[in-house]
Amino acid sequence: MKWKKCLLVTLAVLTCLTTVYVYAVNHPSNALAHKACTSWDMVKREVFSLSHSEYNSVPTLDATTFQVAPGTATEVPVLMYHYIEPHMDALKKQNKSMISLQDFEENMKYLHDEGYHTITLEELEDYVNGRISLPSKSIVITFDDGYQNNYTLAYPVLKKYDFHASIFVIGNKIQDQPSVFDSSKDTFLSKPEMTAGSDVFEYNSHTYNLHHKGFMRCGQLVPAGLDTSLLSDDIQQMKQTGIDTPYIAYPFGYTSTQMIYHLQQNGYRMAFTIVQGMVKPGADLMRLPRLTVTTGTDLPALLQSSSSQDAELVTEAN
């Protein structure tokens, strides 16, 4: 039956879209052509899902019947940081991936004073699957990219408050030896620094070398990770660095049905987007939301407002 439905869906749209799709390839800037191209991508995703019966896009927990124990967490915020900057000027404050060291310290002090408890990604996975309950003020702290300042600046603050955090590292950016820290340069973590910081940090994947926009789709450059022909080799390279983990953060937050399938086929069980929202039991483990924190972010207000809203739906990359 799935194959019949797959065939009907494909034939129904093939005739009307083929001509326009060819036009879209040759005229990618045209709005109508772009819409046709993205519509065709939707059809391909549907066909892919129907033809890959082993593709698991359904949460393992039925959230409609699952009951959260009284006094435990009904949802968990996952904070997303990137770059810690010791001296912010007006220009840097416009950078949405930066937070001043002062603001970061204030964030951590607030979480500590309010009684928040940091958890590991394994604990979060078990929570989403309904296998464990968590304290009501549980939180996950994550960093993307693996900048050296995560160790030189963030690590001492996290250690001071006995907090745990995860860094999603870009594999080919990991250095063999530490650089002389210079806050004016985008230096990355070294292997010795990662080892020294392992009492605070766990290290997970941000791909080995797919954190760049190098894949053309419907006239737009999108992250290279959406080219699934590159994923298997990239995953193996990441594992060879020692980051053999079932957890990943999507570069730039982009994902697709096909990308998720290939990640799952290679052992990934949980993945993070940049969609704003809270993580709840029964959530889609391969499309988890986070809360972006940069300099000037009102963390108490962010946590309060996010807890009163459902996470937005993750949009497939076009």
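Basis for what follows: all heavy atoms, side chains included, without hydrogens, waters or symmetry-related copies.
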Undergrad: For the NZ atom on Lys173, are there more than 12 heavy atoms of other groups (residues, nucleotides or ligands in this structure) within a distance under 6.0 Å?
TA: no

Undergrad: Is the ring centre of Phe188 less than 6.0 Å from the ring centre of Tyr147?
TA: yes

Undergrad: Is the ring pair Phe104/Tyr81 parallel, tilted or perpendicular, if the boundaries are 30 and 60 degrees?
TA: perpendicular

Undergrad: Indicate whether the side chain of Thr187 and that of Gln148 have a donor and an acceptor atom separated by less than 3.5 Å.
TA: yes

Undergrad: List the atom of Tyr116, the atom of Leu303, and the distance in Å for their closest heavy-atom pair.
TA: OH-CD1, 3.6 Å

Undergrad: With no hydrogens and no angle check, just 3.5 Å: does a side-chain donor-acceptor pair link Gln276 and Thr292?
TA: yes

Undergrad: Tell me if the NZ atom of Lys160 is crowded by more than 12 foreign heavy atoms within 6.0 Å.
TA: no

Undergrad: Any chance the side chains of Arg290 and Thr142 put a donor and an acceptor closer than 3.5 Å?
TA: yes

Undergrad: Under a plain distance cut-off of 3.5 Å, with no hydrogens placed, do Gln264 and Asn266 share a side-chain donor-acceptor pair?
TA: no

Undergrad: Can you tell me if Tyr208 and Gln236 form a side-chain donor-acceptor pair at under 3.5 Å?
TA: no

Undergrad: Within a strict 4.5 Å, meaning less than it, do heavy atoms of the Phe201 and Phe143 side chains meet?
TA: yes

Undergrad: With heavy-atom distances below 4.5 Å as the criterion, would you say the side chains of Gln102 and Glu106 are in contact?
TA: yes

Undergrad: What I want to check is whether the side chains of Asp144 and Tyr250 have a donor and an acceptor closer together than 3.5 Å.
TA: no

Undergrad: In terms of ring plane angle, is the pair Phe252 and Tyr254 parallel, tilted or perpendicular, where the classes change at 30° and 60°?
TA: perpendicular

